[in-house]
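Note that this is a predicted model, so its numbers are computed, not measured.
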Amino acid sequence: STYRNIPFKDQKEDAPLIFKGKLWVCVINLVYIFSQFLGYDPIYTLTTTPAAGNAIPHDYMGMFGLKAAMGVYFACAVPILAVFTWWLPLLFFVPIMISVSTGAIGGAYIAWLFILWFRKRLAFWVVAVAGILGIVFYVVKIDAPMGMYGSRLPMWKSVLHDGLKNRPFFGHGLDSFRYGALRYFKHAENDITIRALQVTPDTFRIQPDSSIVDDKGNKFDFWDNPHNLILHILFEMGI
């Protein structure tokens with residue numbers, strides 16, 4: 001190696017230390033989630049105190065600021081943990097389920113099966129069958145009723161169309177999805193996405209609840225993020 005004094009030189013022997021560091025972050029966060037469940041949160045990510053003085057419970061996510069981010073982090077750690085102990089990833093599926101992210105659940109499930117195929121073939125078949133049934137139940141009973149499939153997919157279609165048609169190579173600019181001339185809204189009642197080529201104070205006005213109301217009293221929610229990293233990059237930066 002050119003840099004002989006650097007302790008990590010991309011050697012495979014360094015991998016266990018890196019993997020264990022990631023796993024310890026997960027363990028600490030599990031302890032944090034349990035602490036939040038008991039009502040103690042030292043950095044106040046669980047509750048907020050409004051003017052009335054009553055604490056409002058928020059999501060259990062430990063040190064992470066977003067449930068989905070926590071789910072993805074734990075999903076990435078599942079195959080690492082499976083290398084050390086093949087059955088312990090079951091513990092990590094608790095915070096992944098709390099994240100309410102089907103992508104994180106599916107990713108963790110596939111990664112776990114990959115390790116089991118080479119290390120515990122019998123466990124692979126058991127987890128494969130049980131996991132498929134579990135994911136189907138989760139999607140039908142938990143994820144689908146939240147309405148994200150019905151609201152996001154049509155919006156993604158519009159974003160993909162606008163990203164490829166208007167400025168396919170250079171995009172609309174950084175943070176243009178939220179603050180650009182082309183904006184996306186959805187009807188608050190039926191989640192139908194609409195495009196707005198120009199937003200003026202005469203037509204729309206921002207309300208304290210971050211919703212939009214037009215001059216006829218129709219209420220719309222504002223898409224400030226496409227919730228799809230590939231489409232987000234395409235729209236703002238182009239191909």
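F93 pairs with exactly one of W112, W87, Y109 by the ring-ring contact (aromatic ring centres under 6.0 Å, His included) rule, that one being W112. For the side chain to side chain contact (heavy atoms under 4.5 Å, CB included) test with L88, the passing option among V78, L23, L81 is L81; the others fail.
Residues I28 and V31 fall into different hydrophobic clusters, defined by Ile, Leu, Val, Met, Phe, Trp and Tyr side chains chained together at heavy-atom separations under 4.5 Å. In the hydrophobic clustering of this structure, F37 groups with F64; members are Ile, Leu, Val, Met, Phe, Trp, Tyr whose side-chain heavy atoms approach within less than 4.5 Å, directly or through other members. Cluster membership for I132 and Y138, using ILVMFWY side-chain heavy atoms within less than 4.5 angstrom, is shared. I239 and I230 fall into different hydrophobic clusters, where Ile, Leu, Val, Met, Phe, Trp and Tyr side chains are chained together by heavy-atom contacts under 4.5 Å. The cluster map of Ile, Leu, Val, Met, Phe, Trp and Tyr, joined by side-chain heavy atoms under 4.5 Å apart, puts V94 and Y60 in the same cluster.
Residues A75 and A104 share a closest heavy-atom pair of CB-O, 3.5 Å. Summarising the geometry of P226 relative to W156, their closest heavy-atom pair is O-NE1, 2.7 Å, with the distance given to 0.1 Å. Pairing each heavy atom of A77 with each of F92, the nearest pair is CB-CE2, 3.8 Å. The two residues I105 and M97 come nearest to each other via the heavy atoms CD1-SD, 3.7 Å. The shortest non-hydrogen separation linking L116 to V127 is CD1-CG2, 3.6 Å. Of all the heavy atoms in M70 and I33, the pair that sits closest is SD-CD1, 3.6 Å.
In the displayed structure, L133 atom CG is contacted under 6.0 Å by more than 12 heavy atoms of other residues, nucleotides or ligands.
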| task | Given side chain to side chain contact (heavy atoms under 4.5 Å, CB included), test L174 with M237 step by step and report yes or no. | result | CA-CA 7 Å; L174 294 178; M237 304 183 198; 3.7 Å; yes
| task | For side chain to side chain contact (heavy atoms under 4.5 Å, CB included), just list the numbers for L38 and F34, CA-CA rounded to whole Å, side-chain angles, deciding distance to a tenth of an Å, and then say yes or no. | result | CA-CA 6 Å; L38 295 178; F34 183 71; 3.5 Å; yes
| request: Go through the steps for F235 and H172 under the test side chain to side chain contact (heavy atoms under 4.5 Å, CB included), then give the verdict. | output: CA-CA 6 Å; F235 185 88; H172 293 76; 3.8 Å; yes
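Taking 4.5 Å as the limit, some side-chain heavy atom of F84 sits within range of a side-chain heavy atom of K20. Within the 4.5 Å cutoff, the side chain of I96 has no heavy atoms near those of the S101 side chain. Contact of the I115 side chain with the W86 side chain is not registered, since no non-hydrogen atoms from C-beta on lie closer than 4.5 Å. Side-chain contact between S99 and M61 is absent, with no heavy atoms from C-beta onward closer than 4.5 Å.
Judged by the 6.0 Å and 45° rule, K22 forms a cation-pi pair with Y73.
Aromatic rings from Y184 and F222 are positioned such that their centres are separated by 6.0 Å or more.
The distance from atom CZ of F177 to atom CG of L234, rounded to the nearest 0.5 Å, is 11.5 Å. Note that CG of D143 and CD1 of I135 are 11.5 Å apart. Values are rounded to the nearest 0.5 Å. The CD atom of E236 lies 11.5 Å from the CG atom of L231; values are rounded to the nearest 0.5 Å. Annotation: the span from N225 atom CG to R178 atom CZ amounts to 8.0 Å, rounded to 0.5 Å. We find the CD1-CZ distance between I80 and F74 to be 12.0 Å, quoted to the nearest 0.5 Å.
Residues passing the side-chain hydrogen bond (donor to acceptor under 3.5 Å, both in side chains) test with H227: none are found, sequence neighbours excluded. Partners of R195 under the side-chain hydrogen bond (donor to acceptor under 3.5 Å, both in side chains) rule, at least two apart in sequence or in another chain, are D162. W223 meets the side-chain hydrogen bond (donor to acceptor under 3.5 Å, both in side chains) test with T193; sequence neighbours excluded.
The aromatic rings of F124 and W117 sit perpendicular, their planes meeting at an angle over 60°, well past the 30° parallel limit.
N29 places a side-chain N or O within 3.5 Å of a backbone atom of M63 that can act as its donor or acceptor partner.
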